[in-house]
There are 2 protein chains.
Amino acid sequence: MDTTNTAGRRVTLADVARMAGVSKQTASRVVNGSAQVTDETRARVLQCIEVLGFRPSTLARQLTAGRSLTLGVVNNTAVGHLMCGDAYVGMVRQADGMGYALLNKEMSDFSRASVDAMLGQMLERQVDGIILAGPEIGNSHDWLDDYPLDDLPMPLVAINARPRAGVDVVGFDNFLAGQNATRHLLSLQRRRIGHLSGPNNRWVAQRRIEGWQAALDEAGLPECKAYCVEGSWEAESGGPGLQRLLELCPDLDAVFVSSDRMALGVLMEAQRLGIDVPGTLAVMGIDNDPQSAFFTPPLTTMTQDTPRMAEVALRQLVRRICDRHGEPYPAGCAQEESSMLTHRLIVRQSTLGDVAN
Amino acid sequence: MDTTNTAGRRVTLADVARMAGVSKQTASRVVNGSAQVTDETRARVLQCIEVLGFRPSTLARQLTAGRSLTLGVVNNTAVGHLMCGDAYVGMVRQADGMGYALLNKEMSDFSRASVDAMLGQMLERQVDGIILAGPEIGNSHDWLDDYPLDDLPMPLVAINARPRAGVDVVGFDNFLAGQNATRHLLSLQRRRIGHLSGPNNRWVAQRRIEGWQAALDEAGLPECKAYCVEGSWEAESGGPGLQRLLELCPDLDAVFVSSDRMALGVLMEAQRLGIDVPGTLAVMGIDNDPQSAFFTPPLTTMTQDTPRMAEVALRQLVRRICDRHGEPYPAGCAQEESSMLTHRLIVRQSTLGDVAN
DNA sequence: CTGAAAGCGCTTACAG
DNA sequence: CTGAAAGCGCTTACAG
């Protein structure tokens with residue numbers, strides 16, 4: 001795979017054409033699989049490509065096509081940010097499969113200046129589309145409301161963000177997740193169900209709170225809505241969170257915790273206080289961390305298919321790109337698909353004591 | 001930030017030049033901060049740039065410069081692969097700071113065909129350098145031995161890989177980590193120290209085993225080297241791992257576990273068996289997962305500065321790129337730096353019962 | 001079916 | 001200090 005010719009330069013289409021005794025144009029036709037070439041010519045060109053080890057320059061192609069085949073991915077650098085592990089792998093895989101590269105950008109603030117700088121970079125690299133992948137924290141995404149998105153030369157898809165007019169959003173139904181988690185606890189005859197939430201400025205956390213509240217209203221237990229404490233997502237906030245919940249409601253019989261990590265802190269604190277889980281207190285999380293099956297006791301939780309979400313978001317973006325260029329959707333993302341994904345309940349001992357998981 | 005002119009085309013350097021009444025060349029000089037321009041001319045051009053919202057096309061620049069300002073990052077798609085969370089953020093941040101974009105590639109096998117395909121993509125996109133970021137699993141990196149790396153038009157840096165002639169490697173000293181972990185247990189008067197390792201085909205796991213063995217030899221306890229069981233890195237393998245270690249040595253008094261996740265499984269199993277930790281059995285992990293301070297009991301572990309490793313690897317790669325082009329190193333990576341990073345011990349209750357952590 | 005020309009948006013020598 | 005020309009490696013019309 002030596003792709004430099006004897007002069008040490010990159011092997012170019014002109015080299016292939018010269019060697020095959022055809023024009024660059026014909027060589028180009030062969031490379032791109034155009035039918036308008038004699039089998040004999042094609043064979044000769046292909047052989048020269050093989051011999052020379054020719055690789056078309058994506059750069060040059062990008063310049064003529066006016067498309068970079070690159071997608072911008074904007075993260076919100078924050079504790080527990082989304083683009084880790086599973087989501088990242090899902091996104092890379094989907095992009096790779098469609099011939100796109102990913103340009104990652106980490107942002108810690110979304111001030112006017114930062115947003116302009118980010119978009120500037122995206123424009124300079126001429127990305128074909130942008131994924132706003134980082135979680136929405138406080139007003140981090142508010143620039144979407146003001147910004148003339150239609151003036152951007154590329155479409156944008158946001159992940160797990162507050163719905164906004166004119167913005168494509170893909171994500172999980174966190175309202176439903178909170179509601180179904182609470183319904184699970186209700187089905188176990190729990191009647192004093194508290195909630196340890198993520199930071200209140202997180203859109204995701206907010207929706208889970210609202211789902212929990214809706215389920216309480218449904219069950220005729222609106223008084224429980226007072227038993228809500230704000231955590232940090234992290235294990236550290238689980239212990240203090242449980243303490244405060246018990247102050248609010250000393251005979252709490254269940255707590256829906258907005259992350260498995262915080263639930264771990266809750267379980268440790270319960271153990272320290274001598275509270276029987278799930279006998280006295282049922283505890284459930286959300287996330288399905290790989291470790292949560294090994295907590296003491298194993299944790300009931302809700303799982304989300306994060307790689308799938310990343311893939312759906314990417315496919316959505318590619319469809320919007322095609323829309324702009326008036327092109328048909330490529331194979332693999334031919335169909336519009338639902339942009340609202342759902343969690344799945346996983347029941348373990350922390351809510352059901354007699355289950356052997 | 002509307003970067004299209006009235007005709008809907010991208011605003012180009014030619015547009016700026018025309019408006020300013022200068023040549024493209026002069027406009028280019030202003031954009032690139034060349035000193036060879038009158039202040040008056042410069043001011044006029046800068047204003048036109050501002051008014052038109054001109055953004056130089058990185059694509060065009062790349063084509064003329066013959067550099068893509070893009071770095072390839074190759075991952076080994078496998079459980080617990082490296083490019084998650086911290087390492088990912090560190091890499092993106094460092095790349096961004098130096099003006100490089102990252103092209104990610106996930107690979108699940110490293111057959112001749114797959115490697116050729118990967119390198120083909122890297123060549124097509126003309127990446128300026130490659131980071132082999134995924135962990136070395138079994139013989140996944142053996143292609144480095146055969147491949148004529150010098151023929152590649154770009155340098156390559158491998159992370160946490162087996163040392164090889166002619167390959168730059170950046171990573172942690174896992175031998176020392178295993179040795180120091182074991183020395184910690186020895187310092188607590190433990191004398192029957194077992195090891196639950198990662199999968200044996202992992203280079204990282206191997207080195208930790210060797211470090212553990214070295215410390216045992218040092219302490220005159222070579223017989224302990226028989227107490228070694230292979231795990232999967234995951235919590236699931238902790239319980240069975242402890243059981244088998246106890247079969248090998250019923251009065252085991254300490255176990256060095258090669259990941260915090262497996263250590264969690266060990267702690268759960270110890271609790272189930274009624275084994276007092278750390279009274280009867282000291283347990284320590286390695287990784288410093290955020291949760292490990294909240295295990296029962298809190299886990300002694302070793303931490304590694306993963307973002308720093310990613311940054312060091314990236315800077316190393318950029319220096320090699322500069323070497324090839326005969327350029328001076330840019331600010332921020334002017335100095336060669338050690339490519340062998342070390343872990344740091346974090347002592348918690350799972351080895352020291354009376355510590356209040 | 002094949003080719004000569006012009007162009008994508010910039011930069012690098014080379015002149016003045 | 002400034003500009004006209006040629007070129008980076010490909011592709012898109014337009015001819016034949």
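Chain A is the first sequence line, chain B the second, and so forth, proteins listed ahead of strands; every chain is numbered from 1. Treat the numbers as computed from the prediction; the structure is a model and nothing was measured.
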> Are T41(A) and dT2(C) close enough that a side-chain N or O sits under 4.0 Å from OP1 or OP2?
Replying inline: yes

>> Rounded to whole Å, please give me the gap between CG in D15(B) and P in dC8(C).
In response: 10 Å

>> So that I can tick it off, tell me whether E136(A) and R162(A) are bridged by a salt bridge, with the cut-off set at under 4.0 angstrom between side-chain N and carboxylate O.
In response: yes

> T38(A) side chain N/O closer than 4.0 Å to the phosphate oxygens (OP1, OP2) of dT2(C)?
Replying inline: yes

> If you look at every heavy atom in V169(A) and A161(A), which pair is closest and at what distance?
Replying inline: CG1-O, 3.5 Å

> How close or far is atom C1' of dC8(C) from atom CG of L63(B), stated in whole angstroms?
Replying inline: 9 Å

> R44(B) has an atom CZ; how far is it from atom C1' of dC1(D), in whole Å?
Replying inline: 13 Å

>> What is the separation between atom CG on L59(B) and atom C1' on dG7(D), rounded to the nearest whole Å?
In response: 17 Å

> Can a salt bridge be assigned to the pair E327(B) and R319(B) using a cut-off of 4.0 Å between side-chain N and carboxylate O?
Replying inline: no

>> On the nucleotide dG3(D), are OP1 or OP2 found under 4.0 Å from the side-chain N or O atoms that T26(B) carries?
In response: yes

> Heavy atoms under 4.0 Å, any strand shown: does V31(B) hit a base, just sugar-phosphate, or nothing?
Replying inline: nothing

> Roughly how far, to the nearest 0.5 Å, is CD1 of I130(A) from NZ of K105(A)?
Replying inline: 11.5 Å

> So does T12(B) get a side-chain nitrogen or oxygen closer than 4.0 Å to the phosphate oxygens (OP1/OP2) of dC10(C)?
Replying inline: yes

>> Rounded to whole Å, how long is the line connecting atom CG of L13(B) with atom C1' of dC8(C)?
In response: 13 Å

> Does dA13(C) have a Watson-Crick or wobble partner in any strand here, with both distances under 3.5 angstrom, and which is it?
Replying inline: none

> Whole-Å distance between dG9(D) P and I49(A) CD1?
Replying inline: 16 Å

>> How many whole angstroms separate atom CD of Q25(A) from atom P of dA4(C)?
In response: 11 Å

>> If you compare all heavy atoms of A27(A) against all heavy atoms of V16(A), which two are closest, and at what distance to 0.1 Å?
In response: CB-CG1, 4.5 Å

> Could you give the NZ-to-P distance, from K24(B) to dT12(C), as a whole number of Å?
Replying inline: 13 Å

> Using a cut-off of less than 4.0 Å, is there contact between a side-chain N or O of S23(A) and OP1 or OP2 of dG3(C)?
Replying inline: yes

> Do R29(B) side-chain and dG3(D) base share a donor-acceptor contact under 3.5 Å?
Replying inline: yes

> Does a side-chain N or O from R61(B) land closer than 4.0 Å to OP1 or OP2 of dT11(C), or not?
Replying inline: yes

> Is any side-chain nitrogen or oxygen of S28(B) closer than 4.0 Å to OP1 or OP2 of dT11(C)?
Replying inline: yes

